[in-house]
Amino acid sequence: MAGVPGVGKTTVLQELEAVAREKKVSLKIVNFGDVMNQLFKKHGKNIHRDHMRRQDINLQTRVQQQAAQKIHSISSKSTLVVDTHMFVKTVDGIWPGTPKRVLEALDPDLIVLIEAGPEEVAKRRTADTTRERERNTLEDAKADLEWSRYMASVNAVLAGVPIQIVQNREGYHRQAAEDLLRIIESLS
Ligand code: ATP
Ligand code: AMP
Ligand code: MG
């Protein structure tokens, strides 16, 4: 599951956890950034999650690949949902969140893009003071939403899997989680 920074992926997935529990659907949710952050710590870099994308690109690439392997090795009988990004804005440029080797390790059955209107994304980025999301103008949000779809199409072609778009409307994250659960249930 992917979406631009601040669109509400983690919020929707927290809600999904609750909805799935109520409906007795077994799910495992993993945050790719959490796994990378733990690996950075192992490499001696105890850094904030929003500082990882400012690190040397070779180190990010290594950690990204290790995170993908770690997630690959999770043995789970239930559906595995990965909270991640189609691309990351690094100092070196727009960098793929799932380059070929990462995509192969994750081996998704489906790509879900969480979306919201650019105005909503910009507003959520600005309002959320718990994170350092530096790209918080309306223009930034519009451009990011476009890039997200471009990157998702490449992934869909390479992995040969469909894309579903789930809207996370203002105040309706529960609805988004329910939509997501329906999609997951229709997979299995
Ligand atoms: P990142 O990629 O940076 O981790 P994210 O996509 O996981 O971002 P969240 O951290 O879940 O985004 O949400 C960003 C902000 O938007 C939070 O303050 C959250 O409370 C708010 N938010 C999420 N979904 C909604 C919604 N449907 N309506 C209103 N606010 C929302
Ligand atoms: P998040 O909390 O989802 O924003 O993740 C925190 C950070 O983890 C992001 O800003 C990126 O630096 C990193 N990250 C998450 N997913 C990926 C990915 N697929 N590839 C590379 N970096 C990622
Ligand atoms: Mg998040």
Side-chain angles (χ1 to χ4, degrees), residues 1-19 29-41 43 45 47-72 81-108 111-136 140-141 144-145 147-148 151-152 154-155 159 166-180:
M1 209 199 80
V4 300
V7 72
K9 298 177 292 299
T10 306
T11 305
V12 170
L13 289 183
Q14 275 164 1
E15 204 65 42
L16 176 70
E17 206 154 30
V19 178
I29 299 170
V30 177
N31 183 296
F32 200 100
D34 282 349
V35 179
M36 279 185 69
N37 204 239
Q38 285 156 12
L39 288 163
F40 263 103
K41 286 193 178 111
H43 286 273
K45 290 199 171 245
I47 53 176
H48 185 275
R49 63 192 305 116
D50 287 315
H51 296 176
M52 295 192 289
R53 59 181 177 269
R54 300 180 198 158
Q55 301 295 307
D56 178 87
I57 195 74
N58 296 315
L59 176 60
Q60 286 191 70
T61 302
R62 215 160 60 239
V63 171
Q64 181 193 47
Q65 180 61 32
Q66 287 168 356
Q69 288 304 335
K70 221 170 173 166
I71 293 168
H72 174 84
V81 182
V82 181
D83 178 345
T84 192
H85 294 253
M86 283 289 125
F87 68 92
V88 176
K89 280 271 167 82
T90 70
V91 286
D92 296 285
I94 296 163
W95 179 57
T98 50
K100 199 157 160 272
R101 284 206 302 163
V102 169
L103 185 65
E104 281 167 1
L106 296 181
D107 190 21
I111 295 164
V112 177
L113 270 189
I114 302 282
E115 291 193 348
E119 295 81 4
E120 286 167 351
V121 172
K123 199 177 96 191
R124 287 174 201 169
R125 287 178 179 177
T126 309
D128 184 3
T129 53
T130 67
R131 296 290 303 267
E132 291 179 31
R133 298 190 187 92
E134 47 290 278
R135 299 173 44 76
N136 53 13
D140 291 333
D144 288 355
L145 286 160
W147 272 106
S148 198
M151 290 295 197
V154 176
N155 279 280
V166 168
Q167 292 297 330
N168 180 26
R169 295 191 178 83
E170 196 67 11
Y172 285 88
H173 40 289
R174 168 91 189 188
Q175 170 82 58
E178 286 171 356
D179 291 348
L180 194 50

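All residue numbers in this chain count up from 1 along the given sequence. Just so it is clear, the values below take in all heavy atoms, side chains as well, and ignore hydrogens, waters and symmetry mates. Atoms within a ligand are numbered from 1 in the order they appear, just like the ligands themselves.
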Which protein non-hydrogen atom lies closest to [atom], naming both residue and atom, and how far is it?
{"atom": "atom 7 (O) of ligand 1", "value": "T10 OG1, 2.8 Å"}
{"atom": "atom 13 (O) of ligand 1", "value": "T11 OG1, 3.5 Å"}
{"atom": "atom 24 (N) of ligand 1", "value": "N168 ND2, 3.0 Å"}
{"atom": "atom 17 (C) of ligand 2", "value": "F32 CD2, 3.4 Å"}
{"atom": "atom 12 (O) of ligand 1", "value": "G8 N, 3.2 Å"}
{"atom": "atom 7 (C) of ligand 2", "value": "M52 CE, 3.5 Å"}
{"atom": "atom 28 (N) of ligand 1", "value": "G171 N, 2.8 Å"}
{"atom": "atom 14 (C) of ligand 1", "value": "G6 O, 3.7 Å"}
{"atom": "atom 30 (N) of ligand 1", "value": "R124 NE, 3.7 Å"}
{"atom": "atom 3 (O) of ligand 1", "value": "R133 NE, 2.8 Å"}
{"atom": "atom 20 (N) of ligand 2", "value": "Q64 NE2, 2.9 Å"}

Give a yes or no on this: more than 12 heavy atoms of other residues, nucleotides or ligands lie within 6.0 Å of atom [atom1] of [X].
{"X": "R101", "atom1": "CZ", "answer": "no"}
{"X": "K41", "atom1": "NZ", "answer": "yes"}
{"X": "R131", "atom1": "CZ", "answer": "yes"}
{"X": "H43", "atom1": "NE2", "answer": "yes"}

* Structure fact -> Exactly one candidate in K89, K9, R125, M86 meets side-chain contact (heavy atoms from CB on, under 4.5 Å) with V4; the answer is R125
* Structure fact -> Exactly one of R124, R174, H173 clears side-chain contact (heavy atoms from CB on, under 4.5 Å) with T11, and that residue is H173
Run the numbers for me: atoms of ligand 1, each under 4.0 Å from some heavy atom of [X], listed by number.
{"X": "Y172", "answer": "27 (N)"}
{"X": "H85", "answer": "2 (O)"}
{"X": "D128", "answer": "14 (C), 15 (C), 17 (C), 18 (O)"}
{"X": "V4", "answer": "6 (O)"}

* To do: Answer with side chain, backbone, both or neither: which part of T130 has a heavy atom less than 4.0 angstrom from an atom of ligand 1?
  =>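 No part of T130 is near ligand 1 at this cut-off.
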* R169, portion touching ligand 1 at heavy-atom distance under 4.0 Å -> backbone
Which option out of [options] puts a heavy atom nearest to [atom]?
{"atom": "atom 4 (O) of ligand 2", "options": "R131, R54, K9, H51", "result": "R131"}
{"atom": "atom 4 (O) of ligand 1", "options": "R131, K9, R174", "result": "R131"}
{"atom": "atom 23 (C) of ligand 2", "options": "R53, H85, M86, M36", "result": "M36"}

* To do: Say whether T84, considering both its backbone and side-chain N or O atoms, lies within less than 3.5 Å of an N or O atom on ligand 2.
  =>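 Yes, T84 has an N/O under 3.5 Å of an N/O on ligand 2.
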How many angstroms lie between atom [atom1] of [X] and atom [atom2] of [Y], to the nearest 0.5 angstrom?
{"X": "W95", "Y": "I57", "atom1": "CH2", "atom2": "CD1", "answer": "5.0 Å"}
{"X": "E134", "Y": "D50", "atom1": "CD", "atom2": "CG", "answer": "7.0 Å"}
{"X": "N31", "Y": "L13", "atom1": "CG", "atom2": "CG", "answer": "8.5 Å"}
{"X": "N168", "Y": "L180", "atom1": "CG", "atom2": "CG", "answer": "10.0 Å"}

* Asked: Using heavy atoms and a threshold below 4.0 Å, how should the contact between Q60 and ligand 2 be classified: side chain, backbone, both, or neither?
  ->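 For Q60, there is no contact with ligand 2 at all, from either part.
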* To do: Record the part of R49 in heavy-atom contact with ligand 2 below 4.0 Å; permitted values are side chain, backbone, both and neither.
  =>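 Both backbone and side chain.
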* Quick check: does N31 have an N/O/S atom under 2.8 Å of the Mg ion (ligand 3)? ->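 Checking the Mg ion (ligand 3) against N31, no N, O or S atom falls under 2.8 Å.
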* Just checking, any donor-acceptor pair under 3.5 angstrom between side chains of Q38 and D34? -> no
* Asked: So is R49 close enough to ligand 1, meaning a heavy atom under 4.0 angstrom away?
  -> no
* **Shortest non-hydrogen contact from A105 toward Q69** => CB-NE2, 4.1 Å
* Asked: Is a side-chain N or O of Q55 found less than 3.5 angstrom from the main chain of Q60, in a donor-acceptor match?
  ->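 Looks like no, no N/O pair under 3.5 Å.
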* Asked: Is a donor on one side and an acceptor on the other found under 3.5 Å between the side chain of N37 and the backbone of I47?
  ->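 Indeed, once roles are kept as given, a pair shorter than 3.5 Å links the two residues.
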Considering only heavy atoms of [X], which atoms of ligand 2 have at least one such atom less than 4.0 Å away?
{"X": "G33", "answer": "5 (O), 8 (O), 15 (C)"}
{"X": "W95", "answer": "21 (C), 22 (N)"}
{"X": "V88", "answer": "21 (C), 22 (N), 23 (C)"}

* For E132 and H51, what are the C-alpha separation, side-chain angles and deciding distance, and is it a side chain to side chain contact (heavy atoms under 4.5 Å, CB included)? -> CA-CA 9 Å; E132 291 179 31; H51 296 176; 3.1 Å; yes
* To do: Would you sort out whether V35 and I71 count as a side chain to side chain contact (heavy atoms under 4.5 Å, CB included), showing the intermediate values?
  => CA-CA 8 Å; V35 179; I71 293 168; 4.2 Å; yes
